[in-house]
Amino acid sequence: MSTQTSVFHSSTVALLFAGLGLGGAWYGASIVMPSLASRHGAGIDSMLSYLLVTTGILFVAGYCALAWFIWTGARRRRIDQRLTRRRTEWLVSGALGLAVGLIAEGGVLAIGMPVWSEYFDATPPADAVTVEITAQQFLWNVRYPGADGQFGRNSAAAMDDVSNPLGLDRADPAGRDDVVTQNVMAVPLGRAVRLRLRSKDVIHSFFLPNFRVKQDIVPGMTPEVVFFPTREGSFEIACSELCGLAHYRMRGFFDVLSPAAFDRWLAEQATPTAGGPR
Ligand SMILES: [Cu+2]
């Protein structure tokens with residue numbers, strides 16, 4: 001192969017690598033998150049932005065450096081680089097590794113720990129709206145405790161997918177005013193939401209993209225999440241765990257309403273018998 005052909009090929013490869021770096025960064029920057037609707041979500045977005053910007057800079061710098069070395073290396077008449085000393089190699093590798101570690105982990109800890117505390121460690125306010133979500137293949141059962149604030153007893157033996165999907169004990173006074181819906185839930189704006197998450201069968205994952213809320217639900221466990229909605233609207237509930245063949249059908253709606261509209265909505269959902277979904 002002639003020298004000119006070799007330079008042409010190496011230039012093409014160098015431009016290809018530079019294009020991959022810049023094109024990848026441009027594509028990544030064009031993806032936007034779902035519109036934000038929760039208080040703690042702003043911190044999660046800051047952390048994601050920080051990670052994407054810092055790793056994006058490293059990504060572009062790496063590809064451009066590679067392109068530069070290919071471009072200049074192909075134009076050299078002879079190979080005249082000498083091997084570096086072992087000490088220099090250790091120093092450069094160590095410094096780069098330390099810098100990447102500090103930038104990535106330091107940033108995540110500094111920005112992420114306050115969000116972690118707000119999301120996982122905060123005590124729910126006394127006026128939080130408590131809602132129980134029971135996942136099953138392939139829908140979301142939603143239960144409100146009613147005016148008494150107490151969830152009634154339920155049992156697996158009493159479960160019937162059509163008439164009593166949560167197995168509510170209708171003889172229990174605490175459960176008489178429980179309100180049950182399927183795939184639709186609402187909360188009032190201005191109060192914290194406290195979700196109790198359960199599963200009847202396999203592992204599901206409760207996901208509210210706009211609220212930056214995602215929690216795996218494992219049968220036999222009852223994880224809780226607490227968050228503050230910041231605006232009214234109708235948002236999607238998704239299952240982010242591949243939980244079976246009809247996993248894609250686990251789509252529900254999470255409505256944030258004004259307090260008055262929420263009271264009306266809850267009253268509309270209430271049934272005299274409490275137990276059957278609306
Ligand atoms: Cu699922």
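Each ligand, and each atom within it, is numbered from 1 in the order the structure gives.
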Acceptor/donor pairs from residues 22-36 side chains to any protein atom, 3.5 angstrom cut, sequence neighbours excluded:
{"unit_1": "S30", "atom_1": "OG", "unit_2": "Y27", "atom_2": "O", "d": "2.6"}
{"unit_1": "S35", "atom_1": "OG", "unit_2": "N210", "atom_2": "ND2", "d": "3.2"}
{"unit_1": "S35", "atom_1": "OG", "unit_2": "R231", "atom_2": "NH2", "d": "2.7"}

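- Around the Cu ion (ligand 1), protein N, O or S atoms at less than 2.8 Å comprise H204 ND1, C239 SG, C243 SG, M250 SD.
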Check residues 250-267 and write down every donor-acceptor pair under 3.5 Å in which the side-chain atom is one partner and the other belongs to a residue at least two apart or another chain.
{"unit_1": "R251", "atom_1": "NE", "unit_2": "E236", "atom_2": "OE2", "d": "3.0"}
{"unit_1": "D255", "atom_1": "OD1", "unit_2": "S234", "atom_2": "OG", "d": "2.6"}
{"unit_1": "S258", "atom_1": "OG", "unit_2": "A261", "atom_2": "N", "d": "3.2"}

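- The salt bridge (Lys or Arg N to Asp or Glu O under 4.0 Å) check on E118 picks up R39, with sequence neighbours excluded.
- In this structure, L52 is not a member of the same hydrophobic cluster as Y50, with clusters built from ILVMFWY side-chain heavy atoms closer than 4.5 Å.
- Counting heavy atoms from C-beta outward, E241 and V218 have side chains that stay 4.5 Å or more apart.
- At distances below 3.5 Å, at least one donor-acceptor pair connects side-chain atoms of K200 with backbone N or O atoms of P165.
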